[in-house]
Amino acid sequence: MKNRFNNLTSKEWLPFQKSWFKYTDDYTLYRDNIRFFVKFDLKELPPTVFYYCSNPNNHQTIHAVAQKTKAVLYSESDLDKIDQLQFALFDLRDAFIDDISTASYMEFKNRMLALIYKIKPLLAHRRFIGIFMNQSFQQGAYYPFCWDLAKTIASTFSLKDEKIGCVDEESFTGQELPQFQTMNNMFYALYFRKDENSGSAESFSMFDYFTNNKSQPTNGKITSQFPSWFILKPPPRKKNEILHPAKYPEDLVDKYVGIFTNEGDNVFDPMSGTGSTQLQAIRMGRNGYGIELNEFFCNIANERCREQLTSVLQPKYTNQPEFRILNKDARMVTQGDFPEIDYIITSPPYWDMLNMKGAEYQARRKEKGLQLNYSEDDTDLGNIDDYQRFLDDLVPIYFSLIELLKPGKFMTIVVKNIKKKGKNYPLAWDLAERLQERVILLPESFWLQDDISIAPYGYFNTYVSNTFHHYCLSFQKPLST
Ligand SMILES: C[S@@+](CC[C@H](N)C(=O)[O-])C[C@H]1O[C@@H](n2cnc3c(N)ncnc32)[C@H](O)[C@@H]1O
C-alpha cells in the first residue's frame with residue numbers, strides 16, 4: 001500500500017495513532033508532528049510548515065527540527081511569501097502563564113483566530129493544523145481555554161482529533177490547596193483539517209465557561225495531589241463482567257471515591273452497568289446506590305455487591321455499608337428512592353457507538369458470541385442516534401441527580417469525545433458546557449488505556465487516532481443555588 005500522506009513506515013505510523021503520548025521534550029514533540037504531517041517527496045507540494053510558538057525560546061528548537069527534517073519553515077512575518085502549506089503548528093502551551101484573565105484570553109484568542117483565518121487559503125487540501133495548548137486554573141476557577149478555542153476553530157476547519165500530552169508526574173510536586181485541583185501535568189494536541197467539510201460546522205460563540213465561571217467553595221479535605229492522567233491495569237474481567245460491553249475498572253472508582261468521600265458516605269451511579277461503582281464503594285466502607293435500565297446487568301450488579309458484603313475479604317467497618325441498585329430508567333429517579341447523595345460517579349453510554357457496526361471491538365465481541373450493545377430498549381440512551389437528542393435526554397438526568405446531591409459535594413462523569421463517520425463530536429466538552437448551568441466545572445483528568453492494540457484507521461491516507469483516553473469530568477455543586 002502506497003503511503004500518500006507522509007514518509008513514515010508502518011512501524012513508525014502506528015504509534016502516532018495512539019491518542020495519548022508521554023511527553024519527553026519539545027524537539028521530539030515538534031519532530032514527531034512534522035514527520036507525521038508532512039510528505040517530503042512531493043514535487044507539487046514542497047515540505048512547507050507554518051509555525052507559531054508563544055514562547056520565543058522554542059523558535060530555536062523548531063528551527064533545529066526543520067534543519068534535521070528538511071522542512072521549510074515559515075512564521076507570521078513570512079505570510080506573504082507562502083504559496084502553499086502542508087502543515088501549520090501552533091505551540092500555545094506558554095500563552096497564559098502570567099496573565100490568564102478572561103479579557104487577556106479573549107484578546108489572545110482573537111489574534112490566533114485572525115492568524116488561522118489567514119492560513120486557511122494557504123493550507124493544501126486535506127492537510128492539518130496542530131495546536132498544543134493547556135487549560136488554566138486560577139484562584140479556584142477553571143478555564144477550559146482549549147475546548148473553547150477548539151470549538152471556535154471548528155467552524156472554520158474540520159475538528160479531526162485530539163491527543164493528550166502526558167508530562168511525567170515526577171516533575172510536579174503539587175502544592176496543598178483547599179480546592180480540588182489536578183497537577184496540570186498534561187497538555188492537549190488538537191488537530192484540524194482543511195477539507196470538504198471545513199467551515200460547515202455551526203459558528204460557535206463564547207462558552208458560558210467564562211461568563212459563568214465560578215470558583216469552588218472551599219473544602220479543606222481536598223488537595224491538589226490528583227494526577228491529570230493515570231493508567232490503570234485492571235485484572236482480567238470475570239465471566240459476568242465480560243457480558244457487559246463497556247464497564248469501567250473498580251480501580252478508577254477507588255481513586256475518586258478516595259478523594260471525594262468519607263467512610264459512611266452515600267455514593268451513587270445512575271447507569272450502574274455491572275455495579276463497579278457500588279462494589280468499590282462498599283469495599284471502601286461507603287454505601288453504594290444506583291440505577292440500571294437493563295434488568296440483566298442490574299441483577300449482575302446486585303449479585304456482585306451481595307457477594308462482596310459476604311466475602312471474607314470485605315473489610316470490617318463500624319457501620320456496615322449497604323447497597324441498593326434499582327432496575328429502572330434513570331429519567332424516572334425520584335427523591336424517595338434513595339437517601340441524599342454525597343458523591344456521584346458514573347459513565348453514560350458513549351452515545352450510540354456500540355451500535356456502529358464494523359468497529360474492531362464489536363467484531364471481536366461478535367466472534368465470542370457476546371452482546372454488542374446494552375439493549376434494544378428505546379429508553380436506553382445508547383440507542384438514540386441523533387446527537388443533540390442524546391444530549392437533550394442525558395443532561396436532564398444529571399440535573400435531577402444534582403438535586404439529590406448535597407450542596408458543596410462532587411460528581412464525576414467518565415466519557416469520551418466521539419468520532420463517528422469521520423466527524424468529531426466533542427461529547428465531553430459539550431456535556432461540561434451544558435452542566436455548567438448547575439454545577440462548577442473542575443479540572444479534568446484522563447483515564448488512559450494502554451492495553452489495546454492499535455487499529456490502522458486512515459492508514460497511509462490521513463490522520464485518525466485510536467481514542468484510548470477517557471475524560472473524567474468532575475463538578476462541584478455550589479453551596480447555595
Ligand atoms: C457505560 S455503561 C456503564 C458501565 C458501568 N460504569 C460499569 O462499570 O459496569 C452505561 C450503562 O447505562 C445503562 N443505561 C442506558 N440507558 C439508561 C437509562 N435510561 N437509565 C439507566 N441506565 C441506562 C446501560 O444499560 C449501561 O449499562
Side-chain angles (χ1 to χ4, degrees), residues 232 234-257 267-283 288-305 308 323-334 337-338 343-356 361-362 365 370-385 389-401 404 411-418 427-428 431 447 449 467 470-473:
L232 300 174
R237 292 207 227 164
K238 297 203 184 110
K239 237 182 177 172
N240 56 354
E241 297 165 31
I242 288 182
L243 298 172
H244 192 278
K247 125 178 224 326
Y248 57 40
E250 282 73 30
D251 285 356
L252 185 146
V253 180
D254 176 276
K255 277 185 177 294
Y256 283 95
V257 164
V267 176
F268 189 86
D269 185 343
M271 295 170 197
S272 305
T274 53
S276 319
T277 299
Q278 294 82 3
L279 182 77
Q280 188 57 32
I282 57 180
R283 276 179 184 159
Y289 299 112
I291 294 175
E292 168 55 44
L293 179 73
N294 182 312
E295 189 180 3
F296 179 67
F297 297 138
C298 190
N299 290 341
I300 293 178
N302 277 300
E303 191 47 40
R304 290 179 76 210
C305 291
Q308 177 64 35
F323 70 92
R324 184 153 77 250
I325 305 161
L326 301 182
N327 174 215
K328 63 194 262 182
D329 183 345
R331 295 174 183 90
M332 300 298 162
V333 67
T334 55
D337 287 340
F338 301 99
Y343 178 53
I344 298 165
I345 178 160
T346 185
S347 176
Y350 291 177
W351 185 18
D352 66 341
M353 286 314 281
L354 292 181
N355 291 342
M356 296 302 292
Y361 174 75
Q362 305 293 77
R365 284 187 69 88
L370 293 169
Q371 201 168 318
L372 298 186
N373 61 1
Y374 302 124
S375 67
E376 297 303 324
D377 199 318
D378 283 346
T379 51
D380 182 335
L381 286 151
N383 289 333
I384 304 177
D385 63 0
R389 231 204 89 208
F390 170 74
L391 276 177
D392 290 346
D393 275 31
L394 182 60
V395 169
I397 294 178
Y398 295 132
F399 282 167
S400 60
L401 293 172
L404 305 181
M411 166 166 82
T412 301
I413 301 176
V414 181
V415 70
K416 266 184 185 176
N417 282 347
I418 288 171
L427 173 58
L431 254 186
W447 158 36
Q449 290 177 293
T467 312
H470 300 250
Y471 282 76
C472 301
L473 297 172

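Atoms within a ligand are numbered from 1 in the order they appear, just like the ligands themselves. In what follows, every heavy atom counts, from backbone to side chain, and hydrogens, waters and symmetry copies are set aside.
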(message) Considering non-hydrogen atoms of the protein only, which is the closest contact for atom 12 (O) of ligand 1, and what is the distance?
(response) Met271 CB, 3.3 Å
(request) If you have a sec, work out which protein heavy atom is nearest atom 10 (C) of ligand 1 and how many Å separate them, to one decimal? (result) Ser347 O, 3.5 Å
(request) Could you check atom 5 (C) of ligand 1 against the protein and tell me its nearest heavy-atom contact, residue, atom and distance included? (result) Ser272 O, 3.5 Å
(request) Give yes if a backbone or side-chain nitrogen or oxygen of Asp329 is under 3.5 Å from a nitrogen or oxygen of ligand 1, and no if not. (result) yes
(message) For the CD atom on Glu295, are there more than 12 heavy atoms of other groups (residues, nucleotides or ligands in this structure) within a distance under 6.0 Å?
(response) no
(message) Tell me whether Lys255 is salt-bridged to Asp251, with the criterion being a basic N under 4.0 Å from an acidic carboxylate O.
(response) no
(request) Considering heavy atoms of the protein only, find what lies nearest to atom 8 (O) of ligand 1 and give residue, atom and distance to 0.1 Å. (result) Ser276 OG, 2.5 Å
(message) Could you check whether any heavy atom of Gly382 sits closer than 4.0 Å to an atom of ligand 1, since that is the contact criterion I want to use?
(response) no
(message) I'd like to know if the side chain of Lys416 and the backbone of Thr467 have a donor-acceptor N/O pair within less than 3.5 Å.
(response) yes
(request) For ligand 1, find out whether one of its N or O atoms is nearer than 3.5 Å to an N or O atom of Thr274. (result) yes
(request) Examine distances only and state if a side-chain atom of Asn299 and a backbone atom of Phe296 form a donor-acceptor pair shorter than 3.5 Å. (result) no
(message) So for Pro270, does at least one of its heavy atoms come nearer than 4.0 angstrom to any atom of ligand 1?
(response) yes
(message) Suppose we measure from atom 22 (N) of ligand 1 to each protein heavy atom; which comes out shortest, and what is that distance?
(response) Leu293 N, 3.3 Å
(message) Taking 4.0 angstrom as the limit and counting only heavy atoms of Thr379, give me the atoms of ligand 1 inside it, by number and element.
(response) 19 (N)
(request) For Ser272 and Glu292, indicate whether the former's side chain and the latter's backbone hold a donor-acceptor pair under 3.5 Å. (result) no
(request) To the nearest 0.5 angstrom, please state how far the CD1 atom of Ile325 sits from the CD atom of Gln278. (result) 4.0 Å
(request) Please could you name the atoms of ligand 1 that Lys247 approaches to less than 4.0 Å, counting only its heavy atoms? (result) 7 (C), 8 (O), 9 (O)
(request) Considering heavy atoms of the protein only, find what lies nearest to atom 2 (S) of ligand 1 and give residue, atom and distance to 0.1 Å. (result) Tyr374 OH, 3.4 Å
(message) To check your reading of the model: name the closest protein heavy atom to atom 13 (C) of ligand 1, its residue, and the distance in Å.
(response) Glu292 OE1, 3.4 Å
(request) With heavy atoms of Ala246 as the reference, note each atom of ligand 1 found under 4.0 Å away. (result) 1 (C), 2 (S), 4 (C)
(request) Say whether, by atom type as modelled, one donor and one acceptor occur between the side chain of Trp351 and the main chain of Ile384 under 3.5 angstrom. (result) yes
(message) Using a 3.5 Å cut-off on N or O atoms only, is Ile397 in polar contact with ligand 1?
(response) no
(message) Only heavy atoms of Lys328, strictly under 4.0 Å: list the atoms of ligand 1 that pass.
(response) 20 (N), 21 (C)
(request) In sequence, state the C-alpha distance, the side-chain angles, and the governing distance for Asp380 and Asn294, and then conclude on side chain to side chain contact (heavy atoms under 4.5 Å, CB included). (result) CA-CA 8 Å; Asp380 182 335; Asn294 182 312; over 6 Å; no
(request) For Arg331, counting its heavy atoms only, list the atoms of ligand 1 lying under 4.0 Å from any of them. (result) 19 (N)
(request) Name the closest protein heavy atom to atom 15 (C) of ligand 1, giving the residue it belongs to and the distance to 0.1 Å. (result) Asp380 OD1, 3.2 Å
(message) Could you measure the distance from the CG atom of Leu326 to the CE atom of Met332? Nearest 0.5 Å is fine.
(response) 14.0 Å
(message) So Phe268 and Thr346, do their side chains get closer than 4.5 Å, heavy atoms only?
(response) no
(request) In sequence, state the C-alpha distance, the side-chain angles, and the governing distance for Tyr256 and Val414, and then conclude on side chain to side chain contact (heavy atoms under 4.5 Å, CB included). (result) CA-CA 11 Å; Tyr256 283 95; Val414 181; over 6 Å; no
